[in-house]
Amino acid sequence: MTSRYLTLREFCELTRISISTAYRMIRNGDLPAVKLNNGRHWKVPADFLPTYNTDTGRSDRQRIATAHQI
């Protein structure tokens, strides 16, 4: 089974997280990013993309962004 990956920039645009925050999340192990095929660019599994929570009216993206604002 082949997984779909997003570039780090795509992930940041979709989640509204800054690139520097994403790099910090990778360094801390909070963001499961990989470098594929001896690449030099980070890729994030598309299934890690947060989903909208209809119960709270908030997205997990907001929770992630809030948790990583330091």
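- Residues passing the side-chain contact (heavy atoms from CB on, under 4.5 Å) test with Glu10, sequence neighbours excluded: Leu6, Thr7.
- At a threshold of 4.5 Å between non-hydrogen side-chain atoms, the residues Phe11 and Phe48 count as touching.
- The hydrophobic cluster containing Val34 does not contain Met25, counting ILVMFWY residues as joined when their side-chain heavy atoms lie under 4.5 angstrom apart, directly or transitively.
- Hydrophobic clustering places Trp42 together with Leu14 (ILVMFWY residues linked when any side-chain heavy atoms are closer than 4.5 Å, directly or through intermediates).
- Between Asp30 and Pro32, the shortest heavy-atom distance links the atoms O-CD, 3.9 Å.
- For Ala22 against Ile17, the heavy-atom pair with the smallest separation is N-CG2, 4.0 Å.
- Atom NE2 of His41 and atom NZ of Lys35 lie 9.0 Å apart (nearest 0.5 Å).
- Taken to the nearest 0.5 Å, the CG atom of Asp47 stands 8.0 Å off from the OH atom of Tyr5.
- For the atom pair Leu8 CG and Ile26 CD1, the distance stands at 4.5 Å (nearest 0.5 Å).
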